[in-house]
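So the structure is just underneath, and the comments pick up after that.
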Amino acid sequence: MSSQPSLPPTEQDLLDQERIRREKLARLRSSGVDPYPPRVERTHTISQVRELFQQQQLDEEERVALVGRMISRRVMGKLSFAHIDDGTGRLQIMVRRDVLGAEPYNQFFKKDLDLGDFIGVKGKMTLTRTGEVTCLVEEITLLAKALKPLPAKWHGLSDPELRQRQRYLDLLANPDVRERFRVRAKIVRALREYLDGEGFLEVETPILQPVYGGAAAEPFVTYHNYLHQKLYLRISFELYLKRLLVGGYDRVYEIGRDFRNEGISRKHNPEFTQLEFYEAYTDYHGVMRRTEEMLAYVVERVTGGLKITWQGHDIDFTPPWPRIPLRQAILEASGIDYDQFPDAESLRMAMREKGMDAPSEASRGKLIDKLLSHFVEPNLIQPTFLIDYPLDVSPLAKRKPGTKDIVERFEGFVAGMEICNAFSELNDPLDQLERFLAQGRALEAGDKEATPVDMDYINALSYGMPPAGGFGMGIDRFTMLLTDQDNIREVILFPHLRPEKRDQDGAS
RNA sequence: GGGCCGGUAGCUCAGUUGGCAGAGCAGCGGACUUUUAAUCCGCGGGUCGCAGGUUCGAUUCCUGCCCGGCUCACCA
């Protein structure tokens, strides 16, 4: 939901600066200038022309046509300098009255153009006395007039609300933000490169689902008006992707949006981008090796090395990463060995003795998860796998042989954050049905994050699913790591924000 | 939802122990042919988040509300 100024502004609502720009617009129109012409002339991008000029591959007399937003202007009498930005880079232009002509220079360039306007220039490339690559302008045209002043010159824009509600202003005022989302795109591209290269098939599965599942989360609910059908926005891709393993694909992946109806925090946005892959004929050990290899590939591809700095921590993605049994990690960090507390009640007592908040309705698995997030997770700065999780919070994972309530599952942690979750996939249809039924009972008992029974999925498993390992990773969180950000909103272009409420009295 | 901090010009911020509201940038007028945070002279610009209250007087103090940030709880 974007915030919209609800009505077009009336003349008196306009800022002085906006009023002045509209007057300039009217003046331009009456002098026959189209302030929003349909076409532009361009021979090079700014990055191209800069490169060609520096490599001396540009004829000295060659006339180039460049475009961009005017982001600064320094008028010094009969000579001016300005910078334009076309999205590929910034370039200085030099505008001289004796070259451009008196009228275009005095009136058009100095008076009618404003910072923020898009312009086209034609001229020759040159160096200034200080050695800056510059276009000496012979002709200048308006490509699009800006009616509002740009947020800032060198302070950038820092108001967090403006930055996120009006991300376009953030992007145009803060070059490092623009760069950050380029890094995000590189990350996604590198993940695809890796998986495609390993023979994974990229697929798309339904976002609107009649039965949701695959994760512990509350869904968003919607409705199909013509089918009279209740639908859920997916909370994971898992159950559909594994149906594809049944169908005969051996390696599939999907990158897309998940939706979870939960609180918003530094690490959580209600919709987030997830990568899931499923690989037949491997198990969670194989997936761990693949995770290390894949993430090392991506980090190398994006940053040029395997070491990054995040919020002052040096983090090294070089494989292999330590694998620590969850039980051991929790024991070492908290002094609680949950194996000695076989039921929720006794574990709860032990936790409360340590002064921890342990809600009465939480299952044993959820309590263990609480121990993990409280004692262990914040200290896992270097890439680490925690392995072997409690069964009751892992309804889709295969039981570890020789155990009763432990599954072959791991989670990957970096920088004190969980970034991925994976397991040997449960492919026993009868066991899966039992687990679903347990989930269904939990759901009815009020656990809003339990998932309903998916009989079609059981049916699919009943035709046989190969042994497989599966993996899920939050791309947003991974992007936080590689862009040195500690808030998920900084790596999502349009993060979810509370609706903007208009003042009851201030309205009108 | 609880706690803490904040909201002052288009942007970034200062300030008022309660007494005419400030700076830099941006804007407007002027000077200036190698600047790059250009410089110099002059000018305009404010519902001090909103609403009540206390007061001779509130941007400042009090109460409520709105919005935001951090944090706790919850979660990926």
Side-chain angles (χ1 to χ4, degrees), chain A residues 3 14-21 23-24 71-83 90-100 105 110-111 114-116 126-134 136 146-165 169 173-174 215-218 235-236 258-274 357 359 361-362 366 369-370 372-374 377 411-413 417-421 448-449 472-478 486-489 497-507:
Chain A
S3 58
L14 292 176
L15 296 166
D16 281 356
Q17 297 196 34
E18 296 180 66
R19 194 152 39 226
I20 288 162
R21 285 177 184 231
E23 285 162 13
K24 292 176 177 180
I71 54 173
S72 67
R73 179 170 54 182
R74 298 173 290 284
V75 177
M76 286 171 302
K78 303 180 189 66
L79 166 73
S80 298
F81 293 94
H83 273 89
R90 292 183 169 189
L91 184 79
Q92 178 167 267
I93 60 174
M94 174 163 42
V95 188
R96 287 167 48 170
R97 196 178 73 177
D98 58 357
V99 175
L100 196 66
Y105 183 79
K110 280 171 64 176
K111 299 286 184 200
D114 284 299
L115 294 188
T126 183
L127 279 183
T128 60
R129 275 179 205 166
T130 53
E132 178 162 352
V133 177
T134 298
L136 174 55
L147 293 182
K148 286 171 176 285
L150 295 187
K153 187 169 176 183
W154 69 82
H155 288 115
L157 181 71
S158 70
D159 180 317
E161 182 172 8
L162 277 184
R163 286 191 48 231
Q164 284 155 19
R165 281 197 199 279
L169 294 182
N174 301 323
E218 245 185 289
I235 57 172
S236 90
D258 270 341
F259 306 85
R260 296 189 186 172
N261 211 334
E262 294 162 350
I264 298 175
S265 82
R266 210 164 55 80
K267 299 180 190 175
H268 299 87
N269 195 59
E271 56 181 292
F272 63 102
T273 301
Q274 178 92 336
D357 180 38
E361 68 281 4
K366 292 214 166 175
D369 193 58
K370 229 171 154 46
L372 161 64
S373 16
H374 189 263
E377 181 168 357
E411 292 187 313
F413 295 85
M417 268 191 302
E418 182 199 329
I419 59 160
C420 62
N421 177 23
K448 290 181 176 168
E449 288 164 3
M473 178 173 83
I475 302 238
D476 314 277
R477 287 188 181 178
F478 189 65
D486 72 347
N487 194 316
I488 198 166
R489 268 183 293 203
L497 301 171
R498 283 192 214 198
E500 205 168 20
K501 288 181 193 156
R502 300 201 60 184
D503 285 337
Q504 300 304 312
D505 312 272

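Numbers restart at 1 for each chain; the letters A, B, ... are given by sequence-line order, proteins then strands. Just so you know, these numbers come straight off a predicted model, no measurement behind them.
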Can you see which heavy atom on A:G472 is nearest to which on A:Q274, and at what distance?
CA-NE2, 4.1 Å

For [N], the Watson-Crick or wobble partner whose two distances fall under 3.5 Å:
{"N": "B:U63", "answer": "B:A51"}
{"N": "B:G68", "answer": "B:C5"}
{"N": "B:G24", "answer": "B:C11"}

Listed partners of [X] passing side-chain hydrogen bond (donor to acceptor under 3.5 Å, both in side chains), at least two apart:
{"X": "A:R96", "answer": "A:D98"}
{"X": "A:D369", "answer": "none"}
{"X": "A:R90", "answer": "A:D85"}

Is the distance from OP1 or OP2 of [N] to the nearest side-chain N or O of [X] less than 4.0 Å?
{"X": "A:R74", "N": "B:A38", "answer": "yes"}
{"X": "A:R266", "N": "B:U71", "answer": "yes"}
{"X": "A:R489", "N": "B:C70", "answer": "yes"}
{"X": "A:N487", "N": "B:C70", "answer": "yes"}

Results of salt bridge (charged side-chain N to carboxylate O under 4.0 Å, His left out) for A:K366 - residues two or more places apart only
A:D447, A:E449

Salt bridge (charged side-chain N to carboxylate O under 4.0 Å, His left out) filter on A:E23, not counting sequence neighbours, yields none

Within this structure, what is the CG-CD1 distance for the pair A:D476 and A:I488, rounded to the nearest 0.5 Å?
4.5 Å

What is the nucleic acid contact for A:R163, judged by heavy atoms within less than 4.0 Å: base, sugar-phosphate only, or nothing?
nothing

Pairwise [atom1] distance for [N] and [M], with rounding to whole Å:
{"N": "B:U59", "M": "B:U71", "atom1": "C1'", "result": "29 Å"}
{"N": "B:G22", "M": "B:G45", "atom1": "C1'", "result": "13 Å"}
{"N": "B:C13", "M": "B:U55", "atom1": "P", "result": "37 Å"}
{"N": "B:G3", "M": "B:A14", "atom1": "P", "result": "26 Å"}
{"N": "B:A37", "M": "B:U12", "atom1": "C1'", "result": "13 Å"}

Any residue meeting side-chain contact (heavy atoms from CB on, under 4.5 Å) with A:T128, in chain and number order, not counting sequence neighbours:
A:F81, A:Q92, A:T130, A:E132, A:T134

Are there any protein N/O atoms within less than 3.5 Å of an N/O atom in nucleotides 41-46 of chain B, and if so, which ones and at what distance?
none

Those residues that, when tested against A:Y105, pass ring pair (Phe, Tyr, Trp, His ring centres under 6.0 Å) (two or more places apart):
A:F109

Proximal nucleotide (of B:C70, B:G27, B:G69) relative to the A:Q164 side chain:
B:G69

Please write out each protein N/O paired with an N/O of nucleotides 28-31 of chain B under 3.5 Å, distance rounded to 0.1 Å.
unit_1	atom_1	unit_2	atom_2	d
B:C28	OP1	A:K24	NZ	2.5
B:G30	OP2	A:K111	NZ	2.6

